[in-house]
Amino acid sequence: MALVVICGQPCSGKSKAALCLVEALKESESKHVRVIDEACFHLDRNQSYANMPSEKNLRGVLRSEVDRSVSKDSIIIVDSLNNIKGYRYELWCLARASGIRYCVVYCDVEETHCRKWNEERREKGEANYDDSIFEDLVRRFEKPDRRNRWDSPLFELWPYRDQDAMEKSSAAILDAVSYLTKMVDSKTRDVKILQPTIATQTSRFSNANSLYELDKATQEVANAIAEAQSHALGGPLNGISVGKDLPKINISRSVGLPELRRMRRTFIKLTGQTSLSGPAPTSDADSAKRMFIDYLNRELGSC
């Protein structure tokens, strides 16, 4: 039904905002609401953000759980820093692959106030961030921008300036609830339900041979990208060829193997959906490669 990404600096009130949103959604008779956060996996925040490998592992754990949980029958709220725009984009892609609504709730609090709240938590013996980790997270925070599709629609809360911001009856919370629960028909213009980009263009690869060819072809494209990146030392990849008469791979940023594997799975999942109209695509290897390259160029060419 929907994916909600809670975003903000450390100690900016994100968990309280998530709780208010849950309460407001349940009052609106949205029964299937779930919060995914570090506490679900008993992860310590300081250990999780102690270094880049630990942080990447944390994001991977949360993302995998989101991937397993998103559906058209529930509202999933991701309560974490979600401080990297590339990571928010990955979550947006999961929502689009599932054909559901998506929004970001941003707790906009100045660094000085976040730092103060972190110290107050420490004095009370509550969960808090070590000073060095806190400063590092503050420095690397990438503020959401509603002009980005993966940050839109954006509902902003100002917990420090507005005492009522963290109430389930606050304007931003009510606006988010309305967006997430509003009935959609042909005349609705203010609610956007994401659609898989190729689900209506392809039909099911119905036999075992086609599935084998699809898996093999996409793996060859992924291998070509990995090989090119090993020589490019990061940065954009332009003009990678994987075969005669096939489009070139042109992506604007480096892509890690975990993300590339996820995109392969998403592509295969979408390609396996039955088309509502139109002829079935050719299931040979070159056609599968062409489709996958077009998909990657579209997804990664503008990021």
Any donor-acceptor pair under 3.5 Å from Ser98 side chain to Ala95 backbone: no
Path from Leu154 to Leu91 over hydrophobic side-chain contacts below 4.5 Å: yes
Distance, nearest 0.5 Å, that separates CD1 of Ile251 from CD1 of Ile293: 11.0 Å
Taking every non-hydrogen atom, the tightest pair across Phe155 and Cys103: CE1-CB, 3.7 Å
Closest heavy-atom pair and its distance - Val70, Leu94: CG2-O, 4.5 Å
Ion pair Arg298/Asp294, N-O distance below 4.0 Å: no
Side chain proximity check, Ile240 to Lys248, heavy atoms < 4.5 angstrom: no
Expected output: side-chain Asn57 to main-chain Gly60 donor-acceptor under 3.5 Å: no
Side-chain heavy-atom pair Val78, Val4 within 4.5 angstrom cut-off: no
Tyr129 backbone acceptor or donor facing Asn118 side chain under 3.5 Å: yes
Glu259 side chain near Glu90 side chain, heavy-atom distance below 4.5 Å: yes
Shortest non-hydrogen contact from Pro159 toward Trp117: CB-CH2, 4.2 Å
Side-chain donor or acceptor of Asn148 paired with backbone N/O of Trp150 under 3.5 Å: no
Polar contact flag, side-chain donor to acceptor under 3.5 angstrom, Ser69-Arg34: yes
Gap between atom SG of Cys107 and atom NZ of Lys14 - 0.5 Å precision: 7.0 Å
Donor-acceptor side-chain pairing of Ser54 and Gln47 below 3.5 angstrom: no
Spatial distance of atom CD (Glu111) from atom CD (Gln9) [nearest 0.5 Å]: 5.5 Å
Hydrophobic cluster membership, Leu19 vs Leu3, 4.5 Å side-chain cutoff: no
Pair Gln219-Asn223, side-chain donor/acceptor within less than 3.5 Å: yes
Geometric class of the Tyr295/Phe267 ring pair [parallel <30°, tilted 30-60°, perpendicular >60°]: tilted
Exam field: side chain Asn83 to backbone Glu142, donor-acceptor pair closer than 3.5 Å: no
Transitive ILVMFWY side-chain link Ile84 to Trp92, under 4.5 Å: yes
Donor + acceptor pair across side chains of Asp79, Ser15 (<3.5 Å): yes
same_hphob_cluster(Leu174, Val191) at 4.5 Å side-chain heavy-atom cutoff: no
Any donor-acceptor pair under 3.5 Å from Asp108 side chain to Trp158 backbone: no
Check: Arg122/Asn128 side-chain N/O donor and acceptor closer than 3.5 Å: yes
Which atom of Tyr102 lies closest to which atom of Ser152, heavy atoms considered: CD2-O, 3.8 Å
Heavy-atom neighbours of Glu110 CD exceed 12 at 6.0 Å: no
Leu58 side, atom CG; Glu38 side, atom CD - distance, nearest 0.5 Å: 5.0 Å
Thr181 versus Ser28, closest heavy-atom pair with distance: CG2-OG, 3.9 Å
Distance, nearest 0.5 Å, that separates OH of Tyr106 from CD1 of Ile6: 13.0 Å
Full working for salt bridge (Lys or Arg N to Asp or Glu O under 4.0 Å) between Glu55 and Arg59: CA-CA 6 Å; Glu55 186 175 336; Arg59 289 200 295 265; 2.7 Å; yes
Arg68 and Glu65 ion-paired at < 4.0 Å: yes
NZ/NE/NH1/NH2 to OD/OE distance under 4.0 Å, Lys289 and Glu220: yes
Donor-acceptor side-chain pairing of Thr218 and Arg264 below 3.5 angstrom: yes
For the student: nearest non-hydrogen atoms of Ala226 and Leu257, plus distance: CB-CD2, 3.9 Å
Rounded distance (nearest 0.5 Å) linking atom CG of Asp130 with atom CG of Leu137: 10.5 Å
Short N-O contact, Arg88 and Asp151, less than 4.0 angstrom: yes
Pair Glu299, Tyr89: side-chain N/O donor-acceptor within cut-off below 3.5 Å: yes
Heavy-atom side-chain contact between Val5 and Val105 under 4.5 Å: no
Test: Arg63 cationic atom under 6.0 Å from Tyr87 six-membered ring centre, within 45° of axis: no
